Structures are given as structure tokens and as C-alpha cells.
Amino acid sequence: MQTIGQQLINGLSLGSIYALLALGYTMVYGIIKLINFAHGDIYMLGAFWGYFVINKLHFNFLFAMLSAMLFCALVGVIIEYFAYRPLRKSPRITALITAIGVSFLLENGMTYFFTANTRNFPQAIQTVTYHLGGIQISNIQLLILGTACLLMLLLELIIKRTKMGKAMRAVSVDPEAAQLVGININHTISFTFALGSAMAGAAGVLIGLYYNSIDPLMGMTPGIKAFVAAVIGGIGSVPGASLGGFLIGLLETAVQAVGLSAYKDAVVYFVLIVILLVLPAGIFGKKTKEKV
Amino acid sequence: MLNVKDLVVNYGAIQAVKKVSFNIQQGEIVTLIGANGAGKSTILHTISGIMRPVSGEVTYLDHPIQKTAAPKIVQAGISQVPEGRHIFPGLSVQENLQMGAFLRKDRAHLSQAYEDVYQYFPVLKQRLNQDAATLSGGEQQMLAMGRALMARPKLMLLDEPSMGLAPLFINEIFEIIQAINQAGTTVLLIEQNAKKALSIADRGYVLAAGEVKLHGTGQELLTNSAVQKAYLGG
Ligand SMILES: Nc1ncnc2c1ncn2[C@@H]1O[C@H](COP(=O)(O)OP(=O)(O)O)[C@@H](O)[C@H]1O
Ligand SMILES: [Mg+2]
């Protein structure tokens with residue numbers, strides 16, 4: 001019972017990171033039907049930004065995270081503008097290959113300028129471990145969970161309540177009709193990249209704090225897992241991405257807990273295959289029907 | 001108010017609109033009628049700025065707009081109700097209306113716009129929080145028109161508003177189009193239901209294979225034997 005509780009805490013902490021990342025995949029896919037393979041690398045950039053501003057500029061954790069979100073939002077907007085926008089009317093495969101190229105560019109660019117070395121992420125917050133009925137929970141885990149939930153709530157409010165959020169949904173479902181009511185598609189897409197990338201930036205700083213180590217390739221595996229999370233949740237669905245992220249986090253922790261660490265990634269893909277066989281559109285995926 | 005001159009529009013190698021010219025005076029209802037594939041929707045998309053002409057001119061209130069971006073055209077006062085309605089599924093009725101007023105910043109205008117829309121379409125007011133996708137076809141048409149009205153357009157472009165609707169709804173929609181026109185909005189109406197369209201229009205243009213074949217007042221075209229044969233079922 002205690003181990004289950006313990007694994008639940010660990011799984012939710014990890015899962016909230018995947019959830020934050022999965023949101024970016026799902027929003028970008030929702031609006032331009034592109035799997036942004038460079039998304040995991042934006043998370044890496046967020047972690048490096050956090051590393052530098054905490055070490056060099058002595059930012060506290062909160063400012064490090066907020067500035068990483070801003071920085072990543074800007075990077076996301078720039079990537080969309082230069083790499084994806086010119087391909088908006090090209091076949092989807094062209095944009096997809098470009099996304100993989102952007103990913104390589106970011107990974108190799110960072111390796112070139114900052115070496116491939118793994119660095120220790122500064123302990124901006126002293127770790128305190130609480131013991132609750134035999135379960136250990138650290139203040140870092142609470143911070144990750146709390147921040148992730150807060151950001152997801154904020155995102156949900158932006159998407160559901162604000163005019164830009166509604167415009168995002170309008171462009172996602174019908175870009176032509178959105179233009180006909182005067183919505184600027186380019187602005188809306190930039191806004192979407194900014195939001196998704198900011199989430200990834202926050203996740204990068206949080207993971208740095210949690211695992212203590214960062215390197216230029218750190219975005220690859222979590223990026224793919226978050227993408228799997230978005231697909232499991234139903235790509236394009238925001239609640240689906242959150243749920244998928246938590247599911248993958250819990251699953252991975254559970255697999256490790258029963259001593260199958262070596263297979264944790266394989267299990268994630270296995271579950272992906274099973275879910276897609278049963279629910280081809282994912283858990284919250286929509287099966288749209290035209291109405292006459 | 002709107003002057004279209006020698007408009008040519010292509011889809012790749014296909015020439016969909018071939019040197020079409022027509023004009024609309026302030027306060028009129030003008031209709032473009034023609035068979036499926038005649039190029040009617042393409043003309044509307046070009047006016048709205050989501051397609052670019054190969055050549056020709058579109059002049060609105062004495063300004064050329066054929067190179068103007070779609071949001072600017074809405075801002076200038078031209079709103080389109082697209083063929084097939086294209087409401088935003090997943091957004092509520094109210095959110096759909098709000099998107100119609102996307103470019104409007106002035107609150108006083110906005111509340112007046114909502115009032116106008118509810119007056120024309122009382123049914124929408126009862127469905128404000130419902131997902132627009134759950135509306136019936138006729139209600140979706142009303143929502144699409146309401147959404148366009150939210151921008152308080154000077155010129156409203158309607159692309160086959162009666163398509164796929166029950167006769168009862170068709171009559172209601174045509175009455176509302178007349179009411180909107182009487183309240184001061186100029187209307188460009190595209191229809192396959194030529195008889196109904198011509199009966200409410202001041203003037204009409206008959207389009208076939210991307211060209212204007214005939215034009216005249218609504219009454220003239222209604223009684224024209226060629227039009228009767230081709231579009232009014234004898
Ligand atoms: N997206 C498209 N790609 C290629 N051809 C198109 C496209 N849309 C319309 N067309 C062609 O352009 C012509 C005019 O179409 P359209 O303007 O939709 O006619 P209408 O609205 O009068 O039915 C038709 O021959 C049609 O096949
Ligand atoms: Mg058409």
C-alpha cells in the first residue's frame with residue numbers, strides 16, 4: 001500500500017511534466033495539423049535558460065521559470081515564423097520533415113555551442129522531504145505538481161474564456177470561416193506556438209530541478225513520450241493531453257517499480273498501440289460528423 | 001458600392017471565373033444565379049480576400065480591394081455567410097456570435113449587434129450556451145447569418161443560404177434577408193434557388209461557366225424565357 005502511494009506520487013510528478021509538454025503538441029497539431037518534432041527541444045532550451053539565469057544572473061526559481069516561459073514562447077514563435085509558415089500550403093510531410101530538421105538543428109546547435117556535457121542544474125530550491133504515513137514526498141514534487149496543475153488551469157481558462165483562445169479554437173476547426181469573420185490566422189498560430197512553447201519552457205525548468213541534470217539531448221525521449229501522451233489523449237484535445245501525460249508518467253513509474261526499468265519505454269509504446277487499436281482517435285479524440 | 005471588373009480567378013490551371021463584371025449599388029439586393037460550378041462561390045471568396053484574382057479589379061467604396069487581406073475586408077464592412085454555413089463546431093452559439101464580432105472593440109456597438117441578431121433570430125437567444133454543432137441545419141444557417149451580422153456589415157455576401165433547408169426555413173430565411181436589407185445593409189445573394197432569389201432581388205446576373213450571360217432586374221430575369229428554361233424549370 002505504501003509503495004503504491006509512493007509510486008503514485010512519483011508517477012504524478014513525472015506525469016505532470018509530460019502533460020505540460022503534451023499540451024504543446026496537441027495545440028499545435030490542433031491548429032496547423034503539424035507534429036512539431038522540435039517541441040521536446042524547446043523544453044531543453046527552457047532547462048538551459050533556467051540553468052543560465054539561476055547560475056549567472058542569480059534569478060530565484062520563480063523568475064527563472066517565468067523568464068524561461070517567455071524565452072521559449074519567443075523561440076516557438078520564431079521557429080514557426082521561419083520554418084513552418086513558409087510551408088503552410090505545402091504537403092504535410094514537408095512540414096513534418098522540416099520539424100525533424102529544426103529538432104536536429106536545436107540539438108546539434110546547442111551541442112556545438114555548449115558541448116554535449118551533462119550539467120548539474122542549480123539547486124535553486126533546497127530539497128525538503130516530508131514523510132507522510134510512510135510515503136516520502138519532496139517539496140520539489142509538490143512544486144512540480146502544483147505548478148503544472150496551475151499552468152494547465154490557466155491554459156484552460158485562456159482557451160475557454162479569452163477572445164484569443166476562442167479564436168484558436170475557431171481556427172482549429174475551420175480556418176477559412178475564421179478568416180471570413182476577420183480572425184488573423186497568422187497571429188492566432190503565433191499565439192498558439194507561444195502558449196505551447198511557454199508550457200514546455202516551464203516543464204524544462206521543473207525537470208531540471210527534479211532530476212538535477214540537463215544536456216542538449218534531454219528533450220528527445222520526453223518529447224516522444226509527451227507526443228505519445230497527446231496521441232493517447234486524442235491529438236488536438238487539451239484535456240486529453242493532460243490526462244495522457246499523467247497516464248504515461250504513472251505507467252512509467254509503475255513499470256519501474258515492479259523492476260522492469262529496462263522496458264519502461266517499450267511499455268509506453270505498447271500501451272500506445274493497444275489504446276489506438278481500441279480507440280483509434282485516442283481517449284478524448286473526436287469523431288466529427290458533418291451536419292446537413 | 002461594389003464594382004467588380006473583368007475578374008479572372010483560377011484554381012491552378014482551371015479557370016473558374018472568366019472576365020466577370022458586375023456592380024452593386026448601395027441599398028440593393030443583387031443576386032448571382034447559376035448552376036453548380038458556374039463560379040459563384042469563387043467570386044465571393046475573391047471579394048472576401050481569401051482568394052486572389054489573376055486579373056481584374058474589385059472596387060469597394062471607391063477603393064481597390066483585390067489585394068487586401070481578409071480581416072481588413074471584414075473591417076471595411078464586407079461580411080460573408082459562406083456556402084455550407086461553416087459555423088464553428090465545439091464553440092457555443094454565443095462564442096460563434098462573439099467570433100463574428102472579432103474585430104469590434106466598441107462595447108456599445110457590440111451590445112447593439114447582439115440585440116439586432118436576437119431580433120432577427122430569436123431562436124439563437126434560447127440556445128446561447130449550446131454547442132453550435134448541435135443546432136439543426138436551419139438554425140446553423142441562422143447562426144451563420146447572425147455571426148456575419150455581428151460585424152455590422154455594410155455589405156453582406158450570402159452564399160446559397162437556402163441550400164439543404166426545409167421549405168418553411170427557406171421562406172423564413174428569405175424574409176429575414178429582406179428585413180436585413182431594409183434595415184440598411186446591401187446584399188449580394190448567391191442562389192441556386194433562382195426563382196426565390198430573383199423575386200426578392202432588385203437586380204440579377206446569370207452566370208454560366210465562369211461568365212456573365214445575362215443581367216437585368218429581378219422581374220426581367222424572372223420573365224426571361226431563356227432564364228425560365230434553364231433555371232426556373234420551364
Ligand atoms: N478548391 C478547388 N480546386 C479546384 N477547382 C475548384 C475548387 N473549387 C472550385 N473549383 C472549380 O471552380 C469552378 C467554380 O466553382 P465554384 O465557384 O465553387 O462554383 P459555384 O459556387 O458556382 O458552384 C468549378 O468548375 C469547380 O470545379
Ligand atoms: Mg458555390
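The figures here come from the full heavy-atom set of this structure, side chains too, leaving out hydrogens, waters and symmetry mates. Just so we're on the same page: letters track the sequence lines, and every chain starts at 1. Remember, predicted model here, so these are calculated numbers, not experimental data.
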query = What part of A144(B) gets closer than 4.5 Å to chain A, counting heavy atoms only: side chain, backbone, both or neither?
reply = neither
request  = Apply side chain to side chain donor-acceptor pair (under 3.5 Å) to the pair N23(B) and K5(B), showing each step before the final yes or no.
outcome  = CA-CA 8 Å; N23(B) 64 74; K5(B) 190 158 168 272; over 6 Å; no
remark   = Honestly, the part of Q75(B) sitting under 4.5 Å from a heavy atom of chain A is neither
query = Does D174(A) use its side chain to pair, donor to acceptor, with the backbone of A177(A) at less than 3.5 Å?
reply = yes
ask   = Taking the six-membered ring of F174(B), is NZ or CZ of K196(B) closer than 6.0 Å to its centre and within 45° of its axis?
value = yes
ask   = Do I158(A) and M164(A) touch side chain to side chain, with heavy atoms closer than 4.5 Å?
value = no
task = Mind ranking Q98(B), Q80(B), M99(B) by heavy-atom pairs under 4.5 Å with chain A and telling me who comes out on top?
result = M99(B)
Contact leader toward chain B among E176(A), Q179(A), R169(A), where contacts are heavy-atom pairs under 4.5 Å = R169(A)
